[in-house]
Amino acid sequence: MAGRRARAGRGWDASPPRSGDATTPRPRRGHRGRAEEPDPTEATAPVPPRDEAEVAREICLRQLAVRPRTRAELAGALAKRGISEEVAAQVLDRYDEVGIIDDAAFARAWVSSRHTGRGLARRALANELRQRGVDGDVASEALGELSEETEAETARALVERKLRTARGEPDAVFRRLVGMLARKGYPPGVAIRAVKDALAAQSAEAAEFAEQIDADALAEAESEIERDGRSAD
């Protein structure tokens, strides 16, 4: 009886190893038990360099997708990205030909939008166009569409809107409003007359103060101060 058990034990020990035993070779396992696969990057072929003109076009189109741009603005964006002057000129010339770049149309739209939306006068608008690289003659043509009458009407509307919430003595209010118009590019004469007329229609006290203002003399004095400041620069 005991011999049979011993033989049975020996027979059990001699049986083939089960799958998973230490003696059975197993596949390598990766993260979470999955079999490891070859790294695809090891056999990736080198990527050929992209065409510079194609890169330049993509840069321009991304810039134009945000808002219209002048030729000078696009040229600056290309230079910052390392595009050569020769390739940049070729791409921008082509965009000029097909009308994607149109500095004259840009200037007209800029003048209309900024005057209507922000109340900017021609002097401020000319400065903004210059900063964006618009040619002087092109800018002058666009600014010519903004008449002196329209500019004066806009100045008066700005003053009237500010007067609704203005507080303080008439002389202090007068100075603040003239300064506001000056920052928007209005000449001294236009600014002073707009504020004087608006004050005269506001109240008896303001009208009395406005009556004492010599708009022409004050405008001339302000203009002289501006000229002296530009000469010093």
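Fair warning: this is a prediction, and the values are worked out from it, not measured in the lab. Residue numbers count from 1 along this sequence.
Linking ILVMFWY side-chain heavy atoms closer than 4.5 Å, directly or via other members, places Val87 and Leu64 in a single hydrophobic cluster. Following chains of ILVMFWY side-chain contacts shorter than 4.5 Å, one can reach Leu78 starting from Val98, so the two form part of one hydrophobic cluster. At a threshold of 4.5 Å between side-chain heavy atoms, the hydrophobic network of Ile, Leu, Val, Met, Phe, Trp and Tyr places Val91 and Ile100 in one connected group. A continuous path of ILVMFWY side-chain contacts below 4.5 Å connects Leu181 to Leu199, so both sit in one hydrophobic cluster. One hydrophobic cluster, built from ILVMFWY side chains closer than 4.5 Å, holds both Leu177 and Phe174.
Checking side-chain atoms of Glu73 against main-chain N and O of Thr70 turns up a donor-acceptor pair under 3.5 Å. Checked by atom type and distance alone, the side chain of Thr154 pairs as donor or acceptor with a backbone atom of Thr150 at under 3.5 Å. Remark: the backbone N or O of Gly136 is paired with a side-chain donor or acceptor of Ser140 at under 3.5 angstrom.
Atoms CZ and CZ, from Arg167 and Arg176 in turn, are 10.0 Å apart once rounded to the nearest 0.5 Å. Atoms CZ and CD, from Arg81 and Gln63 in turn, are 9.0 Å apart once rounded to the nearest 0.5 Å. Here Arg69 contributes atom CZ and Ile101 contributes atom CD1; the two are 11.5 Å apart, rounded to the nearest 0.5 Å. A distance of 10.0 Å separates CG of Asp51 from CD of Glu58, quoted to the nearest 0.5 Å. Atom OH of residue Tyr186 and atom CD1 of residue Ile192 lie 15.0 Å apart, to the nearest 0.5 angstrom. Distance check, rounded to the nearest 0.5 Å: CG of Leu146 to CZ of Arg122 gives 5.5 Å.
In terms of heavy-atom proximity, Leu74 sits nearest to Leu92 at CB-CD2, 3.8 Å. The two atoms that bring Ala152 and Val190 nearest to each other are CA-CG1, 4.2 Å, heavy atoms only. For Cys60 against Tyr95, the heavy-atom pair with the smallest separation is CB-CE2, 3.5 Å. Listed here is the closest heavy atom pair of Val138 and Ala104: CG1-CA, 3.6 Å. When all heavy atoms of Gly168 and Val173 are compared, the closest pair comes out as O-CG2, 3.8 Å. Of all non-hydrogen atoms in Leu129 and Ala107, the two that sit nearest each other are CD2-CA, 4.0 Å.
A heavy-atom distance below 4.5 Å is found between the side chains of Phe106 and Arg67.
Under 4.0 Å is where a charged nitrogen must lie from a carboxylate oxygen, and between Arg108 and Asp103 no such pair does. A salt bridge does not link Glu151 with Arg123: none of the charged nitrogens is closer than 4.0 Å to a carboxylate oxygen. Of the charged side-chain nitrogens involved, none lies within less than 4.0 Å of a carboxylate oxygen, so that Glu54 and Arg57 do not count as a salt-bridged pair. Contact check on Asp197 versus Arg193 returns no salt bridge, with no Lys/Arg side-chain nitrogen under 4.0 Å from an Asp/Glu carboxylate oxygen. Taking a cutoff of 4.0 Å between a charged side-chain nitrogen and a carboxylate oxygen, Arg156 and Glu160 qualify as a salt bridge.
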Give the intermediate values and the outcome of side chain to side chain contact (heavy atoms under 4.5 Å, CB included) for residues Leu120 and His115.
CA-CA 5 Å; Leu120 298 184; His115 179 75; 5.6 Å; no

Please walk me through it: do Asp93 and Arg71 pass salt bridge (Lys or Arg N to Asp or Glu O under 4.0 Å)?
CA-CA 9 Å; Asp93 285 345; Arg71 181 183 176 114; 2.8 Å; yes

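The environment of Arg118 atom CZ is sparse: at most 12 non-hydrogen atoms of other residues, nucleotides or ligands sit within 6.0 angstrom. Within 6.0 Å of atom CD in Gln90, more than 12 heavy atoms from other residues, nucleotides or ligands are found, so the atom counts as buried in its surroundings. The neighbour count for Glu148 CD, taken as heavy atoms of other residues, nucleotides or ligands under 6.0 Å away, does not exceed 12.
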